[in-house]
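Taking it in order: structure first as structure tokens, then the write-up.
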There are 2 protein chains.
Amino acid sequence: MTREDAPARRRDADATKAALLAAATTLFAERGFEQTTVRDIAAHAKVNQALLFRYFGSKDALFQATLATSSRQMIAETPPEKLVARTLALMLAPDAPKADASPFYAVLRSSSHEQAASAVRQDIGADYARVLASLTDEPNADIRADLVLAWLLGIGLLRSVVNKQPLADADPAVISDCVLKAVAVLLERSAQHVYAD
Amino acid sequence: MTREDAPARRRDADATKAALLAAATTLFAERGFEQTTVRDIAAHAKVNQALLFRYFGSKDALFQATLATSSRQMIAETPPEKLVARTLALMLAPDAPKADASPFYAVLRSSSHEQAASAVRQDIGADYARVLASLTDEPNADIRADLVLAWLLGIGLLRSVVNKQPLADADPAVISDCVLKAVAVLLERSAQHVYAD
DNA sequence: CAGCGTTGTAAGCAAGCGCTTACAACGCTG
DNA sequence: CAGCGTTGTAAGCGCTTGCTTACAACGCTG
């Protein structure tokens, strides 16, 4: 974002902010909001914890900042008919919480937290649902879209949070295959597209 | 459970235990484990909070006790081919968290908590998956079963925890219809059975 | 190089948490 | 009715939490 010319200044507010944001993103995805303390985040970022409050104001605001840096761009970059397949691939990848799917997992592990819920309601989730609903001509397209979104969330929950076997160690390809076939029934018109990829 | 003959004794350990268990079940389902304090539970049960520790030992043990009193009996009482439909009906009913589906929601709102996760892994979830897997002859029956379970969890999450529209206010019949059709594809052999009810 | 805003540090505060303790009130048993 | 285990109560302990404060070190600007 900001200019990255000078090689590691000793006093660098932007670098500190970025380190805090990165540490928070990782830890929120791994443990959820409540189980992550500001001391954890500061330690992980190798930064004094008072700076967290100087630069972000509160733990809540930092959480919101991590959610804002969401995987929204994937929705914009992915053709609608491949969204489910792409998202599944992302979510099912090993160490997904540490990678690009981290906002997903942050939300799953903090679902009771109001800001996480509203992120799903209004931001990330709403974007997904909008795109998914455009894939079908069936009545109740928007409800069907929500059901697909619910499935994606549930799979992440059961596989990576709860760690239920055999799902936790199942081959992503097998999961994708099953899910996409069933989703094709839900979003009928575009069966052949969704199934592709 | 215990004899219920005497009309409201003034000092009644069993009644106190039951009141605590009921209050805990309700509150854990409504707010999750972390957001519920022992003081909340004691107040809701109209009982001194020290008694919670006398009778249950710890907040964790009380949580486990609420999960043990699970809706396991429904699995035993329901014919396998109607399990998905029955569970959906239960989960989609208004005020589901306050009713018989409460362990479901306690788990959803406390998914990061290890005991909640292990309840899904080993107890409630394992029972569900076992029955669901018996419904199909497809390869990977157990993975398909987990995927159905994941869907149920995801729907509860998105509808009642996150409160996403339009799913949150959608007609249970519409949801059931969509889900059962898609589940029939996943668990193929018994399409006609699953779709029934 | 004096002055000053910016960045980093150390210490601690108030509040809430799970849990414990010390004690009082009750009611069955001898 | 004396004795005693059971049930209920009030108070608070020790710890962790999010957050604040007071201060030191740095480095740009005049």
Side-chain angles (χ1 to χ4, degrees), chain A residues 1-24 27-28 31-66 106 109-110 112-116, chain B residues 1-24 27-28 31-66 106 109-110 112-116:
Chain A
M1 299 299 175
T2 55
R3 69 203 83 164
E4 298 286 340
D5 32 37
R9 283 187 291 160
R10 307 207 296 120
R11 290 160 53 93
D12 188 337
D14 286 338
T16 302
K17 280 185 222 175
L20 283 168
L21 198 63
L27 292 177
F28 284 145
R31 311 178 192 173
F33 180 81
E34 326 250 304
Q35 296 292 340
T36 304
T37 71
V38 294
R39 286 168 175 83
D40 287 339
I41 299 170
H44 196 271
K46 288 170 186 164
V47 150
N48 190 288
Q49 61 142 326
L51 296 178
L52 187 156
F53 295 96
R54 169 128 69 208
Y55 294 130
F56 292 94
S58 70
K59 187 191 176 188
D60 270 286
L62 176 55
F63 185 51
Q64 195 137 21
T66 67
R109 291 198 139 97
S110 322
S112 268
H113 193 272
E114 173 49 30
Q115 286 185 348
Chain B
M1 301 298 173
T2 57
R3 71 203 83 164
E4 298 286 341
D5 32 38
R9 283 187 293 162
R10 307 208 295 120
R11 291 160 53 93
D12 187 339
D14 287 337
T16 302
K17 280 185 222 175
L20 283 168
L21 198 62
L27 293 176
F28 284 144
R31 313 179 191 171
F33 180 82
E34 326 251 302
Q35 296 292 340
T36 304
T37 71
V38 294
R39 287 167 174 83
D40 287 338
I41 298 170
H44 197 271
K46 288 171 187 163
V47 151
N48 190 287
Q49 61 140 327
L51 297 178
L52 187 156
F53 295 95
R54 170 128 71 209
Y55 294 130
F56 292 93
S58 70
K59 187 191 176 188
D60 270 285
L62 176 56
F63 186 51
Q64 195 137 21
T66 67
R109 291 199 139 97
S110 322
S112 268
H113 193 272
E114 173 49 29
Q115 286 186 347

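Quantities reported herein were computed from a predicted structural model and do not represent experimental measurements. Residue numbering restarts at 1 for every chain, and letters A, B, ... go by the order of the sequence lines.
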When you get a sec, tell me which of dC19(C), dT20(C), dT9(C) is the closest nucleotide to the side chain of Ser58(B)? dC19(C)

Tyr55(B) near the nucleic acid: base, sugar-phosphate alone, or nothing, with a heavy-atom cut-off under 4.0 Å? sugar-phosphate

Looking at Arg39(A) and dG18(D), is any side-chain donor or acceptor paired with a base atom of the opposite kind under 3.5 Å? yes

Both distances below 3.5 Å, Watson-Crick or wobble geometry, any strand: find the nucleotide opposite dC28(D). dG3(C)

Taking for each residue the nucleotide of DNA chain D bearing the nearest heavy atom, is the 5' side occupied by Gly57(A) or by Asp40(A)? Asp40(A)

Looking at Phe63(A) and Phe28(A), what are the two nearest heavy atoms and their distance? CD1-CD1, 3.5 Å

Side-chain atoms of Arg54(A) come closest, of dG18(C), dA25(C), dT7(C), to dT7(C)

Output yes when a side-chain donor or acceptor of Lys46(A) lies under 3.5 Å from a complementary backbone atom of Ala19(A), and no otherwise. no

Which sits closer to the 5' end of DNA chain D, Gln49(A) or Lys46(B), going by the nucleotide each is nearest to? Lys46(B)

Within 45 degrees of the axis of the six-membered ring of Phe56(A) and under 6.0 Å from its centre: does Lys17(A) put its NZ or CZ there? no

Between Gln35(A) and Asp40(A), which heavy-atom pair has the shortest distance, and what is it? O-OD2, 4.0 Å

Nearest to the side chain of Lys59(A) - dG18(D), dG5(C), dA10(D)? dG18(D)

